[in-house]
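Heavy atoms only: backbone and side chains are in, while hydrogens, waters and symmetry mates are out. Chain letters run A, B, ... following the sequence lines, proteins first and then strands; every chain starts at 1.
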Amino acid sequence: MRRSAEFGLVMRKGRRAGRESLGVILMAPGTPGTDPPRVGFVVSKAVGGAVVRKRVQRRLRHLMRDRIASLQPGSLLVVRAKPAAARLGYETLAEHLDGALAAARRPRSGAPRRRKGRGGDHQADR
RNA sequence: GGAGUCGGCCAGGCGGUCGCGGCGCCGUCAGGGCGUCGAGGAAAGUCCGGACUCCACAGGGCAGGGUGGUCGGUAACACCGACCCGGGGCGACCCGCGGGACAGUGCCACAGAGAGCAGACCGCCACCGUUCGCGGUGGUAAGGGUGAAACGGUGGUGUAAGAGACCACCAGCGGCCGGAGUGAUCCGGCCGGCUCGGUAAACCCCACCCGGAGCAAGGUCGAGAAGGAGGGCUCCGGCCCUCCGCGCGGACGAUCGAGGGCGGCCCGCCCGAGGUCCGCGGGUUGACCGCACCGAGGUCGCCGGCAACGGCGGCCCCAGAUGGAUGGCCGCCCGGCCCCUUCCGAGGGGCCGACAGAAUCCGGCUUAUCGGCCGACUCCCCCU
RNA sequence: GCCCUCGUAGCCCAAUGGUAGAGGCAGGCCCCCUAAAAGGGUCACAAGUGUCGGUUCGAGUCCGACCGGGGGCA
């Protein structure tokens with residue numbers, strides 16, 4: 001993803017899930033689209049200096065390369081790095097990403113926790 | 001062998017595998033293939049100086065900012081080099097915002113008698129008085145005390161006690177002369193009055209320099225409602241004609257002139273109307289150029305110069321995006337530290353390998369930085 | 001990327017270069033009240049001025065260099 005408007009759309013409407021080192025916001029299409037899925041990354045200044053930020057972003061991009069095929073066509077995903085991601089190794093980062101992705105995809109079909117979500121959107125604002 | 005000073009350089013290496021961006025060629029409906037290039041000494045902070053772009057450039061005056069030993073270097077600089085002066089170090093060498101305090105103004109708290117042209121608390125000395133404890137008047141500034149700073153230092157003459165009051169030497173100030181140097185300045189000699197504080201990173205004076213903004217500059221196209229479309233002429237700067245469009249609120253205004261320009265202000269000059277200014281609202285968050293660049297360019301050699309640097313010649317073309325490429329993972333080697341084993345040769349294991357990533361481009365400065373290499377030099381000890 | 005600003009008690013903020021520092025809110029203690037709030041009284045016990053240098057006899061103030069906030073420009 002390379003447009004600010006797309007990032008804004010996902011941040012508003014997407015489904016959120018997080019781990020210690022990162023958070024993901026996934027927006028699956030209402031009807032399965034034909035476009036390939038797209039991913040964007042957000043690494044803020046709180047994570048570290050320019051060198052640290054870029055290393056985190058590059059690792060995340062390489063991790064997503066192997067996982068992008070598992071996303072539904074037409075879906076948009078934002079991966080947001082937290083400060084803890086700077087200290088983590090490649091393997092742990094991969095675990096966190098897989099966990100967060102699974103959590104973001106689960107709720108609609110899985111057992112609803114705590115609140116009965118009528119529209120999944122409310123959960124994004126938690 | 002030990003301790004140290006200065007300068008320069010490097011920024012782990014090799015391989016495997018999966019990838020990314022630019023350009024060129026091939027090629028496709030599309031995807032793509034091949035070749036080639038792809039971070040730093042600080043790319044950083046944005047502190048200076050330029051290039052470049054736009055705006056403004058009749059003239060005069062006043063402000064404002066910057067620089068500050070001298071001579072060079074440079075496109076320019078607040079940078080660099082050499083030298084001078086002052087300070088530090090045994091030394092190699094290092095440090096210095098290093099013009100002017102007789103152009104003027106201001107300030108110098110507290111303490112202290114007195115703080116900038118003066119001054120007398122304790123003292124010292126003379127005279128007078130005395131209840132013999134001391135008090136008064138005058139002289140004095142050597143000694144004590146205060147302070148960051150107290151109006152030269154040492155020795156002598158002198159005196160009631162003293163004092164540049166006088167003398168010698170020294171320090172400092174001013175003037176003149178001679179010599180060396182482009183110059184800052186240095187060396188030497190003579191004379192003078194006898195001493196004349198500090199602060200200009202206080203105002204200021206002197207000399208020199210400086211128009212404003214910044215690539216989010218600026219331009220083209222598209223879109224749009226705040227401007228545009230079409231046509232003609234042109235000395236290429238623009239000019240003329242036709243047509244369509246121009247939200248809301250407020251203020252001022254037609255020659256006795258609203259307002260605008262001369263990017264700080266004033267004078268002065270120019271422009272100037274059925275408009276000008278201010279505020280609010282609305283639109284634009286698209287694409288392309290600028291911009292990936294033959295340049296104050298890099299590199300090698302020779303020459304000039306103490307050097308900074310310059311000249312000539314050969315060779316090279318050297319990152320470039322716009323959610324922003326230059327990478328992820330693995331193995332071996334290299335360097336350092338720690339632990340275990342040891343037949344003292346070594347073997348095994350673990351950890352660490354800095355600071356940090358281009359965004360218009362250059363020249364500097366400053367700041368961050370694990371470790372290593374090279375060269376020149378100084379001091380001390382030992383051996384020959 | 002470029003430009004502009006600001007750092008003083010827990011918070012908001014004063015301080016001609018002069019003993020290092022004024023207020024307000026908050027806070028401590030006391031009174032009032034059965035108790036609390038409000039109110040009244042009282043205290044400075046709360047800072048060494050973002051950090052490091054320099055100028056000066058003396059720096060929060062003047063001059064550098066860093067550090068950290070905030071804002072603007074398509």
>> Taking syn as a glycosidic torsion within 90° of 0 and anything else as anti, which one is G136(B)?
In response: anti
> Once you round it to whole Å, what is the distance between P of G323(B) and CZ of R61(A)?
Replying inline: 13 Å
> Between C334(B) and G371(B), how far is it from one C1' atom to the other, in whole Å?
Replying inline: 13 Å
>> I'd like the P distance from C206(B) over to C176(B), given in whole Å.
In response: 24 Å
> Taking all atoms of both residues into account, what is the closest heavy-atom pair of A86(A) and V56(A), and its distance?
Replying inline: CA-CG2, 4.0 Å
>> Counting only Watson-Crick pairs (N1-N3 plus N6-O4 or O6-N4) and G-U wobbles (N1-O2, O6-N3), all under 3.5 Å, who is the partner of A213(B)?
In response: U53(B)
>> What is the distance, to the nearest angstrom, from the CZ atom on R55(A) to the C1' atom on C355(B)?
In response: 13 Å
> Quick one: F41(A) CZ to G327(B) P, roughly how many Å, whole number?
Replying inline: 17 Å
>> I need the CE-P distance between M64(A) and G328(B), as an integer number of Å.
In response: 18 Å
> What integer number of Å spans the C1' atoms of G1(C) and G17(C)?
Replying inline: 41 Å
>> My understanding is that only residues two or more places apart in sequence, or in another chain, count here; which of them pass side chain to side chain donor-acceptor pair (under 3.5 Å) with R67(A)?
In response: D98(A)
>> Syn or anti for C318(B)? Use the chi torsion, O4'-C1'-N9-C4 for purines and O4'-C1'-N1-C2 for pyrimidines, with syn inside 90° of 0.
In response: syn
> If you round to the nearest 0.5 Å, how far is CG of L77(A) from CD of Q72(A)?
Replying inline: 12.5 Å
> With both distances under 3.5 angstrom, what nucleotide forms a Watson-Crick or G-U wobble pair with G152(B)?
Replying inline: C170(B)
> Where is the tightest heavy-atom contact between L71(A) and L26(A), given as atom of each residue plus distance?
Replying inline: CD2-CD1, 4.3 Å
> Is there a residue in residues 78-87 of chain A whose heavy atoms reach under 4.0 Å of RNA chain B, and which residues are they?
Replying inline: none
> On a whole-Å scale, what distance lies between the C1' atoms belonging to C127(B) and A160(B)?
Replying inline: 11 Å
>> Which nucleotide, if any, forms a Watson-Crick or G-U wobble pair with C302(B), using both distances under 3.5 Å?
In response: G311(B)
>> Testing the basics here: between I25(A) and V10(A), what is the closest heavy-atom pair and its distance to 0.1 Å?
In response: CG2-O, 3.2 Å
> In whole Å, what separates the P atom of C291(B) from that of C52(B)?
Replying inline: 12 Å
> Closest heavy-atom contact between S75(A) and A28(A)?
Replying inline: CB-CA, 3.9 Å
> Any stems for RNA chain C, made of 3 or more Watson-Crick or G-U pairs in a row, each with both distances under 3.5 Å?
Replying inline: C:1-7 with C:67-73, C:10-12 with C:23-25, C:27-31 with C:39-43, C:50-54 with C:62-66
> In terms of the nearest nucleotide of RNA chain B, which residue is placed more toward the 5' end: R59(A) or V51(A)?
Replying inline: R59(A)
> In Å, rounded to the nearest 0.5 Å, how long is the span from CG of L76(A) to CZ of R38(A)?
Replying inline: 5.5 Å
> Please walk me through it: do R61(A) and M64(A) pass side chain to side chain contact (heavy atoms under 4.5 Å, CB included)?
Replying inline: CA-CA 5 Å; R61(A) 189 168 55 218; M64(A) 277 312 298; 5.8 Å; no
>> In this structure, how many angstroms lie between the P atom of U322(B) and the CD atom of Q57(A), rounded?
In response: 14 Å
>> Under a 3.5 Å cut-off for both contacts, is G335(B) paired Watson-Crick or G-U wobble with anything, and if yes, with which nucleotide?
In response: C352(B)
> How many Å lie between CG on L60(A) and P on G323(B), as a whole number?
Replying inline: 19 Å
> Counting only Watson-Crick or G-U wobble pairs whose two distances fall under 3.5 Å, which nucleotide matches C204(B)?
Replying inline: G100(B)
> Applying a 3.5 Å limit to both distances, which nucleotide forms a Watson-Crick or G-U wobble pair with U199(B)?
Replying inline: G106(B)
> Is the glycosidic torsion of G327(B) within 90° of 0, making it syn, or is it anti?
Replying inline: anti
> Among the clusters formed by ILVMFWY side chains lying less than 4.5 Å apart, do V51(A) and L60(A) turn up in the same one?
Replying inline: no
> Between G328(B) atom C1' and L93(A) atom CG, what is the distance in whole Å?
Replying inline: 12 Å
>> Would you say R38(A) places a side-chain N or O within less than 4.0 Å of OP1 or OP2 belonging to G323(B)?
In response: no
>> Does anything in residues 72-90 of chain A form a salt bridge (charged side-chain N to carboxylate O under 4.0 Å, His left out)? List the pairs, not counting sequence neighbours.
In response: none
> Is V47(A) reachable from V78(A) through a run of I, L, V, M, F, W or Y residues, each pair having side-chain heavy atoms under 4.5 Å apart?
Replying inline: no
>> Suppose we screen for side-chain contact (heavy atoms from CB on, under 4.5 Å). Which residues come up paired with E20(A), at least two apart in sequence or across chains?
In response: A84(A), H96(A)
> Can G23(C) be described as syn, meaning its chi torsion is within 90° of 0, or is it anti?
Replying inline: anti
>> Please determine whether residues M11(A) and V79(A) belong to a single hydrophobic cluster, defined as Ile, Leu, Val, Met, Phe, Trp and Tyr linked transitively by side-chain heavy-atom distances below 4.5 Å.
In response: no
>> Rounded to whole Å, how long is the line connecting atom CD1 of I68(A) with atom C1' of C20(B)?
In response: 15 Å
>> I'd like the P distance from C262(B) over to G21(B), given in whole Å.
In response: 49 Å
> For U36(B), which nucleotide is its Watson-Crick or G-U wobble mate, given both distances must be under 3.5 Å?
Replying inline: G22(B)
>> For the C1' atoms, the ones on G263(B) and on G214(B), what distance do you get once it is rounded to whole angstrom?
In response: 14 Å
>> If you assign each of G40(A) and G89(A) to its closest nucleotide in RNA chain B, which residue comes earlier from the 5' end?
In response: G40(A)
>> Strictly by Watson-Crick or wobble contacts shorter than 3.5 Å, is anything paired with A258(B), and which nucleotide is it?
In response: none
>> Please classify the glycosidic conformation of G133(B) as syn (within 90° of 0) or anti (everything else).
In response: syn
Restricting both atoms to N or O, compile the protein contacts to nucleotides 17-19 of chain B shorter than 3.5 Å, with distance only.
from	atom 1	to	atom 2	distance (Å)
G19(B)	O2'	R65(A)	NH2	3.0

>> Roughly how many Å apart are C122(B) and U140(B), using the C1' atom of each and rounding to a whole number?
In response: 14 Å
> Are any of R58(A)'s side-chain N or O atoms less than 4.0 Å away from OP1 or OP2 of U326(B)?
Replying inline: yes
> Looking at R59(A) and Y90(A), what are the two nearest heavy atoms and their distance?
Replying inline: CG-CD1, 4.2 Å
> Where do A100(A) and V24(A) come nearest, in terms of heavy atoms and distance?
Replying inline: O-CG2, 3.6 Å
